[in-house]
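Predicted, not measured: the structure shown is a model, and the values here were computed from it. All chains are named by letter (A, B, ...) in the order of the sequence lines, taking the proteins before the strands, and each is independently numbered beginning at 1.
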Amino acid sequence: MEVVSVAQLINDTHKYVGQQVQVNGWIRLNRGQKAFGFITLNDGSHFTSLQIVYEKDQLENFEEVAGLRTGAALNVYGVVVETPNAKQPLEIKATQVKLAADCPEDYPIQPKRHSKEFLREVAHLRSRTNLFSAVFRIRSIAAFAVHQFFQEQGFIYVHTPIITASDAEGAGEMFRVTTLDAEKPPLTPDGNVDFSNDFFGRKTNLTVSGQLEAEAFALAFGKVYTFGPTFRAENSNTARHAAEFWMIEPEIAFAGLREDMELAEAMVKYVISYVMEKAPAEMDFLNEFVDKELLTRLQKIASQNFARITYTEAIEILQKSKQTFDFPVSWGNDLQTEHERYLTEKAIGKPVFVTDYPQEIKAFYMRQNDDGKTVAAMDLLVPGVGELIGGSQREEREDYLRGRMEAMNISLDELGWYLELRKYGGVPHAGFGVGFERLIMYLAGVSNIRDVIPFPRTVNSCAF
RNA sequence: UCCUCGAUAGCUCAACGGUAGAGCAUCCGGCUGUUAACCGGAGGGUUGUAGGUUCGAAUCCUACUCGAGGAGCCA
């Protein structure tokens with residue numbers, strides 16, 4: 001007898017109607033009655049669950065089946081029947097139901113509403129709920145969409161290192177990677193830890209960004225992207241920060257800030273459209289139970305052009321607004337979260353690129369503009385999530401870059417290779433970083449980053 | 001790291017100085033098409049931890065732990 005998945009049954013119903021099949025899955029809900037009952041069975045192949053109908057005069061073990069609980073695993077044998085007048089399109093009339101693995105009555109996941117906080121404490125089980133089933137399917141589909149978007153356009157996927165010798169990229173606190181004895185590390189004569197005795201013969205950390213290495217590849221392959229894990233040891237306690245997250249970092253040569261923004265906008269729209277097309281059941285569920293505006297908002301985003309304003313214009317908009325802010329608005333200070341939210345949610349009402357920030361508040365590698373005060377940087381702000389993307393045109397002029405590195409105390413020894421990229425055919429190039437989880441939050445309407453990561457790592461929390 | 005709020009049954013919450021309750025879940029019974037089914041019944045608690053105030057504390061006070069929201073930092 002053919003073992004079929006729920007996804008096959010839903011996608012190819014006509015092929016299976018009237019057929020005897022086997023389905024394996026887990027009970028979401030069992031509603032037994034006197035002489036018959038219904039099991040909602042989920043096998044993970046599709047967001048939707050399958051209804052199993054079982055009857056007393058069809059099953060030898062009717063009493064046993066009627067007593068099975070949520071979470072138990074089953075092998076179900078039966079006939080596929082279309083049910084056009086019912087809530088579900090098809091069901092299985094069981095001829096045999098075998099218990100594959102029982103699930104005792106203290107199973108934490110019950111067919112009722114649970115809080116997201118509780119489910120985080122049982123992260124090993126929460127993927128069996130509708131919400132997390134939807135979120136993690138979308139995460140998988142979106143990851144594939146990212147690859148497809150770049151691959152279709154001829155980008156090379158580069159695996160930049162996870163362990164880095166650089167500790168001065170300015171992107172946040174880093175996690176030390178070491179094999180030294182934490183209790184009794186070897187010391188230099190003047191009493192400091194002697195990292196020359198460490199595994200790599202030097203101090204090493206987990207990467208906070210693959211950008212610098214991606215630049216090296218962009219200057220060989222033209223268009224590249226990274227997509228991998230990133231680590232920040234920042235003591236951030238917010239719904240938008242995790243210690244371990246995935247970042248997408250494209251880098252394009254012979255290109256400036258304008259091309260960079262065009263790429264960012266196209267990528268965001270592509271991923272949104274792809275997920276809406278490939279995960280309609282999941283998106284409908286999220287639209288109904290998480291955020292009623294979700295689909296409307298995403299459709300709008302996918303069809304409208306993103307706004308573009310300069311930092312200087314943003315300051316003017318904020319200064320002219322009647323809104324009162326907790327933090328003062330003045331040229332030269334970075335935009336606060338409240339300012340960013342006002343811009344994207346109230347003043348403009350859609351995603352907006354803010355460009356050309358003052359040099360002093362941005363990273364050393366961003367290209368200085370002709371005004372001598374600003375750099376060719378861009379942040380993409382989106383309603384609800386805030387900063388989704390940060391990018392820039394990179395400083396390709398060796399003398400300018402060296403000057404910025406010296407001014408900002410970036411080690412020329414450690415990053416000599418980075419400077420050398422400018423010396424040997426260093427054309428203008430640009431790139432950006434997207435927090436993959438923030439993209440998923442935006443797509444799924446989920447407001448906490450811990451709920452879009454299978455097993456999240458945050459300050460003081462590394463369970464599972 | 002800072003500010004604010006919270007922690008009571010497996011889960012979601014009520015009780016706000018005077019005998020700790022409800023809904024859901026679980027268990028038992030009923031029910032011929034259910035859809036987070038429905039109807040009846042039962043079990044289930046050192047009120048986050050440690051101290052203090054009081055005749056009496058879930059309730060008031062202190063510290064700690066954990067969680068949430070906001071801020072900073074960022075993606």
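Nearest heavy-atom pair, A:R69 versus A:E105, reported as atom, atom and distance to 0.1 Å: NE-N, 3.6 Å. Counting all heavy atoms, side chain and backbone alike, A:S392 lies closest to A:A377 at CB-CA, 3.9 Å.
Straight-line distance from the CD atom of A:E234 to the C1' atom of B:A71: 14 Å, rounded to whole Å. The distance from atom NZ of A:K56 to atom P of B:U32 is 11 Å, rounded to the nearest whole Å. Put simply, CG on A:L335 is 12 Å from P on B:C74, counting in whole angstrom units. Remark: P of B:G72 and CG of A:N333 are 12 Å apart, rounded to the nearest angstrom. When rounded to the nearest whole Å, the span between OH of A:Y107 and P of B:U26 equals 12 Å. Per the geometry, CD belonging to A:Q110 stands 13 Å off C1' belonging to B:U12, to the nearest Å. When the C1' atom of B:G72 is taken as reference, atom CD of A:E173 falls 13 Å away, rounded to whole Å. With rounding to whole Å, A:I39 atom CD1 is found 16 Å from B:A36 atom C1'.
When both distances must be under 3.5 Å, the Watson-Crick or G-U wobble mate of B:C2 is B:G70. The partner of B:A22 is B:U12, judged by Watson-Crick or G-U wobble contacts that both fall below 3.5 Å. When both distances must be under 3.5 Å, the Watson-Crick or G-U wobble mate of B:G29 is B:C39. Taking a pair to require two hydrogen-bonding distances under 3.5 Å in either a Watson-Crick or a G-U wobble arrangement, B:C60 pairs with B:G52. Across all strands shown, B:U65 forms a Watson-Crick or G-U wobble pair with B:A7, both key distances being under 3.5 Å.
Contact annotation: A:K34 reaches the phosphate of B:C31 (side-chain N/O to OP1 or OP2, under 4.0 Å). Using a 4.0 Å cut-off, no side-chain N or O of A:K116 falls inside it from OP1 or OP2 of B:C11. When the side-chain nitrogen and oxygen atoms of A:T40 are compared with OP1 and OP2 of B:A36, none of them lie within a distance under 4.0 Å. For the pair A:S236 and B:C74, the criterion of a side-chain N or O lying under 4.0 Å from OP1 or OP2 is not met. In terms of phosphate contacts, A:Q33 brings no side-chain nitrogen or oxygen within less than 4.0 Å of OP1 or OP2 of B:G30. The side chain of A:R113 places no N or O atom within less than 4.0 Å of a non-bridging phosphate oxygen (OP1 or OP2) of B:C13. Distances shorter than 4.0 Å separate none of the side-chain N or O atoms of A:R240 from OP1 or OP2 on B:C73.
Among the heavy atoms of the strands lying under 4.0 Å from A:N235 is at least one base atom, whether or not backbone atoms are also near. No contact: A:E338 has no heavy atom under 4.0 Å from any strand. Contact annotation for A:I389: backbone-only contact, meaning every heavy-atom pair under 4.0 Å involves sugar-phosphate atoms and none involves a base. At the heavy-atom level, A:E121 lies nowhere under 4.0 Å from the strands shown. Across all strands shown, A:F118 has heavy atoms under 4.0 Å from sugar-phosphate atoms exclusively, and none from any base. Using a 4.0 Å heavy-atom criterion, one finds that A:R28 contacts no nucleic acid atom at all. Residue A:L388 is in sugar-phosphate contact alone, with no base atom involved, counting any heavy-atom pair closer than 4.0 Å across all strands shown. In this structure, A:G32 reaches the bases: a heavy-atom distance under 4.0 Å links it to at least one base atom across the strands shown.
Taking only side-chain atoms of A:V53, from C-beta outward, the nucleotide of B:G69, B:C73, B:G33 with the closest atom is B:G33. Here the nucleotide nearest the side chain of A:Q336, chosen from B:A71, B:G33, B:C74, is B:A71. For A:E105, counting side-chain heavy atoms from C-beta on, the closest listed nucleotide (B:A25, B:U34, B:C27) is B:C27. Of the candidates B:C27, B:U34, B:C24, the closest approach to any side-chain atom of A:R69 belongs to B:C27. Among B:G69, B:C73, B:C11, the nucleotide with an atom closest to any side-chain atom of A:N448 is B:G69. The nucleotide whose nearest atom lies closest to any side-chain atom of A:E340 is, among B:C74, B:A36, B:G33, B:C74. Closest contact between the side chain of A:F38 and the listed nucleotides B:A71, B:A25, B:G33 involves B:G33.
Residue whose closest nucleotide on RNA chain B sits further toward the 5' end, between A:V434 and A:R450: A:R450. Place A:P108 and A:F245 on RNA chain B by their nearest nucleotides, and A:P108 ends up nearer the 5' end.
Spacing of C1' atoms, B:G72 relative to B:U65, comes out at 24 Å, to the nearest Å. Between B:G18 and B:A58, the distance separating the two C1' atoms is 13 Å to the nearest Å.
Ring geometry for A:Y225 versus A:F155: interplanar angle over 60°, hence perpendicular rather than tilted (30 to 60°).
Evaluation of atom-type donor-acceptor distances gives a pair under 3.5 Å for the side chain of A:E91 against the base of B:G33. The base of B:C11 is not paired with the side chain of A:H114 by any donor and acceptor separated by under 3.5 Å. For A:N237 and B:U1, a side-chain-to-base donor-acceptor distance below 3.5 Å is present, hydrogens and geometry of angles not being considered. Taking only distance into account, the side chain of A:E55 never meets the base of B:U32 through a donor-acceptor pair shorter than 3.5 Å.
Screening A:F150, A:F217, A:F227 for a side chain to side chain contact (heavy atoms under 4.5 Å, CB included) with A:Y157, the sole residue that qualifies is A:F227. Applying side chain to side chain contact (heavy atoms under 4.5 Å, CB included) to A:V146 and the options A:I248, A:V434, A:I141 leaves one that passes, A:I248.
In this structure, the side chain of A:E249 engages the main chain of A:G210 through a donor-acceptor pair within 3.5 Å. Side chain of A:E338 to main chain of A:D326: a donor-acceptor pair is present (N/O by atom type, distance under 3.5 Å, no hydrogens or angles).
Taking the ring centre of A:F132 as origin, the terminal cationic atom of A:R126 falls inside the region bounded by 6.0 Å and 45° from the ring axis. Taking the ring axis of A:F149 as reference, the NZ or CZ atom of A:K269 does not stay both within 45° of it and closer than 6.0 Å to the ring centre.
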